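All of these numbers come straight from a predicted model, not from anything done at the bench. Just so you know, these numbers use all the heavy atoms, side chains as well, and skip hydrogens, waters and symmetry mates.
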Amino acid sequence: MGQTNNPYMVAATSLILPVFNITLCLAGLAGIGGGSLISRLLGEGDEEEARRVSAFSLYLGLAVSALFAVGILVFMEPVLQLLGAGANTYEYARQYALCVIVVGGVPTVLSNVLSNLIRSIGLSREASAGIILGGVLNIALDPLFMFVLLPDGQEVLGAWLATCLSNCVAFLFFAAVLVRMGRGAAVTFSPKAGMPRAESISPFSVLGCPRPSPPSSLTWTMSSSTS
């Protein structure tokens, strides 16, 4: 975006970064929480509960990302004003948020959730390949859309099209991995797997959310020696 030599475009995309990070946090809630729990359940030999947890993780990610996207769409103006969008950056920020958060939010969350779930059952190569595919595709498509396919002045539109498309491709890659794994896999889309047990749902808020780390012994020793 810096190659556009337009400071308002750069500022607009930077304004949306905190909102986009919230989208990734929602993916972590369902993906990291669900993936950690699935690994533990498989270690205990409870594959049926692991399947139920995987389906719950996917639909949780779908629900929270869809609700978040609708919320941003409805409250777009006050959110952008709160983030500091002005007369010169508002339209650029609105365009970027519309595609990356509203249109592309669901595939972004689901691709990250699937990556964590697939990794949790030992398919780390496939999980890494999907993330790399999305990243490399985004890098390749950004200049193509920004400076070749779209006219001058539409660079922000090109950037969000590239990001949205790359996240959709990554999601389709992970979906294809699930289809190839077959119906008996520990990770499934099927709602027929049923709801997980109540004691399996509660750890999501613990495993999927970051927690502050206590001060290390080294930090405590250094603070004690300086006091």
Side-chain angles (χ1 to χ4, degrees), residues 1-34 56-116 131 134-135 137-139 141-143 145-146 149-172 174 204-212:
M1 190 60 68
Q3 294 182 8
T4 62
N5 295 318
N6 188 325
Y8 300 123
M9 290 184 180
V10 177
T13 55
S14 300
L15 289 174
I16 302 302
L17 183 60
V19 184
F20 184 71
N21 286 339
I22 294 176
T23 304
L24 298 181
C25 290
L26 297 176
L29 173 66
I32 297 176
F56 180 79
S57 299
L58 287 169
Y59 287 107
L60 175 65
L62 174 63
V64 296
S65 58
L67 288 174
F68 185 70
V70 171
I72 293 297
L73 178 63
V74 173
F75 300 103
M76 177 78 72
E77 183 174 352
V79 168
L80 293 182
Q81 290 177 352
L82 179 64
L83 293 173
N88 295 317
T89 59
Y90 180 86
E91 185 57 29
Y92 294 134
R94 188 191 68 83
Q95 288 181 2
Y96 202 74
L98 188 63
C99 187
V100 174
I101 308 298
V102 176
V103 178
V106 171
T108 298
V109 169
L110 289 183
S111 63
N112 279 271
V113 171
L114 283 171
S115 173
N116 283 285
I131 295 298
L137 190 61
N138 198 357
I139 293 172
L141 291 180
D142 265 337
F145 278 107
M146 292 171 62
L149 297 180
L150 296 181
D152 292 340
Q154 299 295 323
E155 287 83 2
V156 171
L157 179 64
W160 66 248
L161 280 174
T163 301
C164 183
L165 182 59
S166 61
N167 287 329
C168 290
V169 170
F171 166 68
L172 292 176
F174 289 125
F204 273 87
S205 59
V206 177
L207 297 172
C209 295
R211 290 174 292 174

- Query: Please, which pairs that meet salt bridge (Lys or Arg N to Asp or Glu O under 4.0 Å) have at least one residue in residues 85-104, sequence neighbours excluded?
  - Reply: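 Qualifying pairs, neighbours excluded: E91-R94.
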
- According to the salt bridge (Lys or Arg N to Asp or Glu O under 4.0 Å) rule, which pairs have a member within residues 9-33, sequence neighbours left out?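 Salt bridge (Lys or Arg N to Asp or Glu O under 4.0 Å) check on residues 9-33 returns no pairs.
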
Shortest non-hydrogen contact from [X] toward [Y]:
X    : Y    : value
M146 : A159 : CG-N, 3.6 Å
F145 : G158 : CB-O, 3.4 Å
T89  : G86  : OG1-N, 2.9 Å

Rounded at 0.5 Å granularity, tell me how far [atom1] in [X] sits from [atom2] in [Y].
X    : Y    : atom1 : atom2 : answer
S166 : L137 : OG    : CG    : 5.5 Å
C164 : L141 : SG    : CG    : 11.0 Å
L80  : F75  : CG    : CZ    : 13.5 Å
S57  : I32  : OG    : CD1   : 11.5 Å
I131 : S111 : CD1   : OG    : 5.5 Å

- side chain to side chain contact (heavy atoms under 4.5 Å, CB included) partners for E77, two or more places apart: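 Counting only residues at least two positions away or on another chain, E77 forms a side chain to side chain contact (heavy atoms under 4.5 Å, CB included) with Q81, Y90.
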
- Where at least one partner belongs to residues 98-110, residue pairs that pass side chain to side chain donor-acceptor pair (under 3.5 Å), sequence neighbours excluded: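 Listed once each, the pairs are T108-N167.
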
Ignoring hydrogens and angles, write down the donor-acceptor pairs under 3.5 Å from the side chains of residues 14-26, residues two or more places apart or on other chains.
from : atom 1 : to  : atom 2 : distance (Å)
S14  : OG     : V10 : O      : 2.9
N21  : ND2    : L17 : O      : 3.4
T23  : OG1    : V19 : O      : 3.4

Show the atom names and distances, to 0.1 Å, of all donor-acceptor pairs under 3.5 Å that link a side chain in residues 63-73 to residues at least two apart or in another chain.
from : atom 1 : to  : atom 2 : distance (Å)
S65  : OG     : G61 : O      : 2.7
S65  : OG     : L62 : O      : 3.1

